[in-house]
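Side chains included, hydrogens not; waters and symmetry mates left out as well; all remaining heavy atoms used.
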Amino acid sequence: MSLLQAIFLGIVQGITEFLPVSSSGHLSILQNIFGMETDGGLLFDVMLHVGTLVAVFVAYKRDIWKMIRETILICADIVANIRIFFVNRSQKEAFRYHPVIHNNYRKFVVLILISTIPTGIIGYAAQDLITLASTTLLVPGVCLILTGFLLIVAQVAEDGKKIPRDVSYSNAFLIGIAQGVATLPGLSRSGTTIAACLLSGFDRRFAVKYSFIMSIPAVIGAAILELGDIGKETISGSMVANCVVGAIVAGLVGFVCIKTMLVVVRKKNFKGFATYCFSVGIVAIIMNFI
């Protein structure tokens with residue numbers, strides 16, 4: 001893989017990871033059409049995701065810092081409540097338990113954890129299927145068309161007002177299922193989860209925030225699974241340099257696209273992306289049979 005290919009794929013990853021047009025679908029189509037096989041491909045894939053993760057952390061640094069802080073406090077309250085339980089049982093006291101989920105950020109943390117459970121189960125169980133689906137143009141093509149339909153649904157969805165305190169745990173679980181299914185190449189993760197959030201009545205800005213922040217544990221988990229196979233590849237110094245450049249490019253482009261997505265969702269302007277997904281999907285399906 002050349003440096004120009006690394007830069008190009010970094011741009012594609014940064015754009016398609018956050019705009020609702022499927023990063024995996026585009027990378028699969030490009031690799032199938034142009035035969036862009038890369039040495040150290042797993043390392044490159046992991047580094048691209050690291051780049052886009054950094055973009056999420058930078059874009060939502062205040063929210064993520066508060067969530068990390070509240071996670072630590074949640075754990076502290078749980079430990080304190082366990083201690084109170086045993087004191088009450090042994091000494092026949094009636095000490096009050098500490099409230100655990102008592103603000104929006106604590107509820108946000110729990111919602112993300114619940115969403116991560118079905119995503120992780122589906123992603124792990126479907127690893128081989130996803131790999132197989134990426135070797136053909138047919139699956140990404142069909143899934144891009146499905147993404148287009150999801151974006152049309154998001155376009156006509158009624159405006160919601162839910163913020164963390166209003167979101168049910170069943171909403172979080174169903175959105176996690178949507179994210180798990182979106183691991184199929186061509187089915188946009190951001191498009192699928194944002195559509196699921198909007199259909200669940202989320203406030204539009206919160207829908208985007210939830211979609212991008214919930215991707216963090218999912219991407220980290222997928223990267224950890226891939227790390228075990230990286231040692232099987234022959235990796236040169238130039239490949240490492242290309243991976244770093246690709247990650248930087250993906251992160252910079254991804255940050256811009258996160259900001260763009262906030263505007264798109266706020267203005268309910270999904271039609272252009274839906275049309276694009278329909279067009280690319282149809283072309284991919286046609287080329288699969290040529």
Side-chain angles (χ1 to χ4, degrees), residues 13 17-18 20 22-24 45-46 48-78 100-101 103-131 150 162-185 187-203 205-228 254 258 261:
Q13 174 72 14
E17 179 70 18
F18 299 112
S22 179
S23 61
S24 60
D45 184 56
V46 169
L48 286 184
H49 283 96
V50 168
T52 50
L53 271 182
V54 171
V56 175
F57 274 99
V58 172
Y60 291 107
K61 56 183 179 294
R62 292 181 181 176
D63 293 289
I64 292 171
W65 168 246
K66 289 179 180 178
M67 291 176 73
I68 292 172
R69 177 178 178 274
E70 292 301 331
T71 299
I72 295 171
L73 293 176
I74 286 173
C75 293
D77 282 339
I78 290 173
V100 178
I101 312 301
N103 62 42
N104 270 324
Y105 277 103
R106 291 196 178 195
K107 180 71 175 293
F108 197 176
V109 169
V110 176
L111 292 172
I112 293 296
L113 290 174
I114 292 173
S115 291
T116 300
I117 293 170
T119 296
I121 293 172
I122 294 171
Y124 182 79
Q127 286 181 84
D128 294 338
L129 175 62
I130 294 166
T131 301
L150 284 172
K162 288 183 180 180
I163 56 176
R165 67 167 179 258
D166 308 312
V167 178
S168 69
Y169 296 124
S170 59
N171 284 154
F173 192 81
L174 291 173
I175 293 167
I177 292 175
Q179 179 171 247
V181 173
T183 53
L184 283 170
L187 198 55
S188 168
R189 193 209 63 80
S190 62
T192 301
T193 54
I194 288 174
C197 288
L198 294 177
L199 290 173
S200 297
F202 283 31
D203 169 80
R205 289 182 64 86
F206 180 56
V208 178
K209 182 185 297 185
Y210 193 90
S211 171
F212 291 156
I213 290 180
M214 77 180 291
S215 72
I216 294 174
V219 172
I220 291 175
I224 290 173
L225 287 176
E226 291 183 339
L227 284 174
I258 289 173
M261 198 61 195

Between the side chain of S211 and the main-chain N/O of A207, is any donor-acceptor distance below 3.5 Å?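 Flag not set: sc S211 to bb A207 has no pair under 3.5 Å.
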So, does S215 use its side chain to make a donor-acceptor pair with the main chain of F212 at under 3.5 Å?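 Flag set: sc S215 to bb F212 pair under 3.5 Å.
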Measuring from [X]:[atom1] to [Y]:[atom2], what's the distance to the nearest 0.5 Å?
X: N104; Y: F206; atom1: CG; atom2: CZ; result: 8.0 Å
X: C197; Y: N171; atom1: SG; atom2: CG; result: 9.0 Å
X: Q13; Y: H49; atom1: CD; atom2: NE2; result: 4.5 Å
X: L198; Y: I175; atom1: CG; atom2: CD1; result: 9.5 Å
X: I194; Y: L199; atom1: CD1; atom2: CG; result: 12.0 Å
X: M214; Y: R189; atom1: CE; atom2: CZ; result: 7.0 Å

Taking distance alone, no hydrogens or angles, what donor-acceptor pairs closer than 3.5 Å link side-chain atoms of residues 114-124 to residues at least two apart or in another chain?
from, atom 1, to, atom 2, distance (Å)
S115, OG, L111, O, 3.2
S115, OG, A172, O, 2.7
S115, OG, Y210, OH, 2.6
T116, OG1, I112, O, 2.7
T119, OG1, S115, O, 3.1
T119, OG1, G176, O, 2.7
T119, OG1, Q179, NE2, 3.1

Identify, with sequence neighbours excluded, every residue that meets side-chain hydrogen bond (donor to acceptor under 3.5 Å, both in side chains) alongside D203. none
Does the side chain of V56 reach to within under 4.5 Å of the side chain of V219, using non-hydrogen atoms?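 The answer is no, as the side chains (C-beta and beyond) never meet within the 4.5 Å cut-off.
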Can you find a pair of side-chain heavy atoms, one from F108 and one from K209, that are under 4.5 Å apart?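 Side-chain contact under 4.5 Å: yes.
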Sequence neighbours excluded and cut-off under 3.5 Å, please list the side-chain donor-acceptor pairs for residues 67-76, or say none.
from, atom 1, to, atom 2, distance (Å)
E70, OE1, R106, NE, 2.8
T71, OG1, M67, O, 2.7

Would you check, one step at a time, whether the test side-chain contact (heavy atoms from CB on, under 4.5 Å) holds for V110 with V100? CA-CA 10 Å; V110 176; V100 178; over 6 Å; no
Locate the shortest heavy-atom distance separating [X] from [Y]; write the atom from each residue and the value.
X: G191; Y: S188; result: N-OG, 2.9 Å
X: A196; Y: A178; result: CB-CB, 4.1 Å
X: S190; Y: P20; result: OG-CA, 3.6 Å

Go through it in stages, so that I can follow the logic: the residues are D63 and I213, the test is side-chain contact (heavy atoms from CB on, under 4.5 Å), and I'd like the CA-CA distance, side-chain angles, deciding distance and then a yes or no. CA-CA 9 Å; D63 293 289; I213 290 180; 4.2 Å; yes
Evaluate side-chain contact (heavy atoms from CB on, under 4.5 Å) for V58 paired with I258, printing each intermediate quantity in order. CA-CA 10 Å; V58 172; I258 289 173; over 6 Å; no
More than 12 heavy atoms of other residues, nucleotides or ligands under 6.0 Å from NZ of K162: yes or no? yes
